[in-house]
Amino acid sequence: MTEHGLLTGRAVAAAAASAVTLTALIAGSPAATADSGQALASVTWRSCPAYSDEVIRSLAVTDEQRRTFRALLGRMECGTVSVPLDYRKPGGRQITIAITRVKAIDRKHRLGSLALNPGGPGASGYLFPLQIASMNRTNAKLNDRYDLIGFDPRGVGYSTKVDCPAPQGQGVPPQPGPLPEETAKLVHESGVAANKACGVFDPAFLGQLTTQNAARDLDRVRIALGERKLSFLGISWGTWLGAVYRSTFPDSVGRMFLDSVAPVNFRLDDFEDGHAAGTERHFPRMAAWIAERNGTYGLGSTAKQVRATVLALGRAYDEQPRRYSDWEMVADGATVSMLAIQSAPDWPQVAQAFKEMRDESDTAPPALRGLLGQGTLQRPPAGAPERFNATAGQAVFCNEDPSRLDFSDAWATYQRRLERNPVTGRASRFSAQCAGWPLPVQKIKVQRRGGSLVLAGHRYEAVSLYEWTKQMHAAVGGTVFTVADDVHGSVLRVPDCAAELVSYFTTGRIDRGCDGTPVPAK
């Protein structure tokens with residue numbers, strides 16, 4: 001799950017079941033390895049791409065981090081591993097998985113290879129080792145004794161991929177205010193048509209884009225690197241990939257750390273319901289913080305009063321959406337809900353935006369623009385690697401999503417979501433999701449296995465709910481590591497939490513949690 005995974009307050013989290021279970025390919029058995037052709041796996045090493053400073057900045061690398069990033073780039077090795085498109089036909093069509101490696105600094109005390117996945121599905125992990133290790137000095141210690149392995153999952157980036165043609169027409173233009181049923185029906189019909197057109201574009205390839213096959217590819221990478229075991233760090237959808245990999249190849253896994261854990265039993269409609277309920281449940285934390293600063297923001301002196309203020313603001317903006325002379329965005333009740341789901345680091349700006357939105361103005365409130373004005377996709381600079389592949393993201397989700405709701409069910413589910421979550425429900429987008437996807441649903445059930453595993457759940461998070469961590473723990477085992485914040489996948493960004501993660505990969509031991517991203521004091 002993306003940074004959209006990964007995305008700030010609007011993230012759509014991670015993934016779900018996959019399938020065509022091939023018990024003959026369960027790892028650990030030499031016969032299974034030989035039968036599947038995995039014994040022949042090898043890396044074809046080649047020159048790495050060159051990246052300009054402009055490209056590096058587009059990867060969210062700050063000027064302070066760029067020197068470290070470039071030093072790591074100078075040490076990075078790049079290659080590809082050949083894998084079957086369809087593991088039921090190991091001798092059939094082959095595709096390539098693009099990988100990177102930054103070798104451990106301390107070769108004498110090297111602990112092995114550590115594969116890294118930032119989320120998705122559809123997100124690139126090719127340069128993720130460099131992004132992690134240049135983020136802070138604590139993270140960089142992972143490279144002391146581990147080779148850091150980045151990779152693009154099948155369908156993404158430098159790996160073999162297919163891009164569905166852009167849908168014909170412009171779709172249904174967004175309209176401010178509450179969504180009318182007749183417009184929702186057009187949205188659903190447009191989404192169904194797009195899903196059908198994409199799914200039949202190259203079904204032989206798209207039907208093989210599953211988390212299960214990504215896990216099989218990862219084990220091919222392990223063998224190609226000459227590793228008896230592969231350690232793994234996954235965030236968001238990467239936690240589902242890790243759980244599937246560990247369930248399928250239990251003897252291939254070293255240490256595994258999963259941050260912001262995906263649900264065990266995945267359906268997109270259930271995920272959206274869970275996300276909406278989570279944001280509504282945790283909004284009182286934001287409201288209480290704002291109430292304590294009533295002298296600054298004037299939104300109410302109690303959490304209850306702040307909630308009433310925000311609800312009234314949403315109604316007012318739905319009744320009269322605001323159009324601004326200096327910004328293309330039209331603000332309505334959904335805009336208010338989008339502010340209400342932001343995580344703690346943004347609360348001061350959220351409160352300021354609420355305050356500013358109560359005043360009539362021809363120009364966009366600065367705090368609102370600062371929070372939501374970065375949503376417009378910008379064209380990546382020349383030479384930039386693909387950061388997200390929409391076709392792969394849709395295919396992996398839809399190949400594994402059993403819901404695929406028709407319009408009547410999708411509309412009833414959406415209305416129920418709005419009713420149950422009056423403050424934050426409008427932040428949920430109505431769409432066809434996977435309705436009309438023409439390829440069969442593929443399922444897998446993760447299993448309890450032995451070995452070292454840490455599941456990091458964020459107590460107040462709404463993208464990956466804390467209860468999902470508990471459910472995954474019940475299903476697969478491991479140790480629960482509780483992060484006392486609401487920020488999706490924050491462990492690597494908080495030095496104290498990152499130190500626990502590094503210690504775990506070094507020693508195999510870990511504490512029971514960390515404080516995470518702090519709530520702003522002012």
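Residues: numbered from 1 along the sequence shown.
- H473 places no side-chain N or O within donor-acceptor distance of the main-chain N or O of T479, the cut-off being under 3.5 Å.
- Considering T239, L453, V446 in turn, V446 is the only one that fulfils the side-chain contact (heavy atoms from CB on, under 4.5 Å) rule with M472.
- Counting only distance, with no hydrogens or angles, the side chain of R255 and the backbone of F505 share a donor-acceptor pair below 3.5 Å.
- Here the side chains of F354 and T309 are not in contact, with every heavy-atom distance at 4.5 Å or above.
- Distance check, rounded to the nearest 0.5 Å: CZ of R493 to CG of N136 gives 11.0 Å.
- Between the side chain of N399 and the main chain of L206, a donor-acceptor pair closer than 3.5 Å is present.
- For the pair R285 and W289, the cation does not sit on the ring face, since its NZ or CZ is not both under 6.0 Å from the ring centre and inside 45° of the axis.
- Under the side chain to side chain contact (heavy atoms under 4.5 Å, CB included) criterion, E292 pairs with no residue, sequence neighbours left out.
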Go through the steps for Y460 and S343 under the test side-chain contact (heavy atoms from CB on, under 4.5 Å), then give the verdict.
CA-CA 9 Å; Y460 306 110; S343 54; over 6 Å; no

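- For E182, the CD atom is densely surrounded, since the number of other residues' heavy atoms within 6.0 Å is greater than 12.
- D485 and S490 form a side-chain donor-acceptor contact under 3.5 Å, judged by distance and modelled atom types alone.
- Looking at every heavy atom in both residues, P385 comes nearest to L127 through CG-CD1, 3.9 Å.
- Scored by the side-chain hydrogen bond (donor to acceptor under 3.5 Å, both in side chains) test, D515 finds no partners at all (sequence neighbours excluded).
- The heavy-atom pair separating M357 from P365 by the smallest distance is CG-CG, 4.1 Å.
- Annotation: side chain to side chain donor-acceptor pair (under 3.5 Å) contacts involving residues 384-395, sequence neighbours excluded, comprise K161-E386, D163-N389, N195-Q394, E386-N389.
- For the pair Q65 (side chain) and T62 (backbone), a donor-acceptor distance under 3.5 Å is present.
- Ring centroids of W347 and Y297 are separated by 6.0 Å or more, keeping the two rings apart.
- Panel note: side chain R246, backbone M256; no donor-acceptor pair is recorded below 3.5 Å.
- At most 12 heavy atoms of other shown residues, nucleotides or ligands fall within 6.0 angstrom of atom CZ in R420.
- The main-chain N or O of L405 is found under 3.5 Å from a side-chain atom of H188 such that the two form a donor-acceptor pair.
- The side-chain heavy atoms of C434 and L268, taken from C-beta on, include a pair separated by under 4.5 Å.
- For R459 and Y466, the positive end sits near the middle of the six-membered ring, less than 6.0 Å away and at most 45° from its axis.
- For R429, the CZ atom counts as loosely surrounded, since its 6.0 Å shell holds 12 or fewer non-hydrogen atoms of other residues, nucleotides or ligands.
- At a threshold of 4.5 Å between non-hydrogen side-chain atoms, the residues T183 and Q175 count as touching.
- Residues that satisfy the side chain to side chain contact (heavy atoms under 4.5 Å, CB included) test with S428, not counting sequence neighbours, are A276, R417.
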Begin from the C-alpha positions of W468 and F271 and carry the test ring pair (Phe, Tyr, Trp, His ring centres under 6.0 Å) through to its verdict.
CA-CA 10 Å; W468 294 346; F271 171 79; 5.5 Å; yes

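- With hydrogens and angles ignored, the 3.5 Å screen pairs a side-chain donor or acceptor of R404 with a backbone N or O of C398.
- Side-chain atoms of S503 and R509, non-hydrogen and from C-beta on, never get closer than 4.5 Å to each other.
- For the pair D152 (side chain) and G125 (backbone), a donor-acceptor distance under 3.5 Å is present.
- With 3.5 Å as the limit, one finds a donor-acceptor pair spanning the side chains of S403 and D401.
- Here T335 pairs with D332 under the side-chain hydrogen bond (donor to acceptor under 3.5 Å, both in side chains) rule; sequence neighbours left out.
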Could you walk me through whether F283 and V310 pass side-chain contact (heavy atoms from CB on, under 4.5 Å), step by step?
CA-CA 11 Å; F283 174 74; V310 172; 4.0 Å; yes

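- For CG of D362, the number of neighbouring non-hydrogen atoms (other residues, nucleotides, ligands) closer than 6.0 Å is 12 at most.
- The closest side-chain heavy-atom distance from P118 to I235 is not below 4.5 Å.
- Other residues, nucleotides and ligands contribute only 12 or fewer heavy atoms inside 6.0 Å of the CZ atom of R323.
- Counting all heavy atoms, side chain and backbone alike, D318 lies closest to G333 at OD1-N, 2.9 Å.
- Classification of the Y324-W327 ring pair by plane angle, with boundaries at 30° and 60°, yields parallel.
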Verify side-chain contact (heavy atoms from CB on, under 4.5 Å) between N117 and F232, making sure each step is shown before the conclusion.
CA-CA 8 Å; N117 182 271; F232 182 84; 4.0 Å; yes

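- Under the 4.5 Å side-chain criterion, counting only non-hydrogen atoms from C-beta, L339 is in contact with L368.
- Heavy atoms from other residues, nucleotides or ligands lying under 6.0 Å from CZ of R448 number more than 12.
- Considering all non-hydrogen atoms of both residues, P402 and R267 come closest at CG-CG, 3.6 Å.
- For the residue pair G457 and T469, the shortest heavy atom distance occurs at CA-OG1, 3.2 Å.
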Could you go step by step and tell me if V330 and R322 meet the side-chain contact (heavy atoms from CB on, under 4.5 Å) rule?
CA-CA 6 Å; V330 179; R322 308 298 200 270; 6.0 Å; no

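- Between the side chain of Q342 and the main chain of M338, a donor-acceptor pair closer than 3.5 Å is present.
- Shown here for W437 and A395, the closest heavy-atom pair between the two residues is CZ2-CA, 3.7 Å.
- For S159 (side chain) and G155 (main-chain N/O), no donor-acceptor pair under 3.5 Å exists by modelled atom type.
- For V491, the side chain to side chain contact (heavy atoms under 4.5 Å, CB included) partners two or more places apart in sequence, or in a different chain, are F257, D259, A456, H458, V483, C497, L501.
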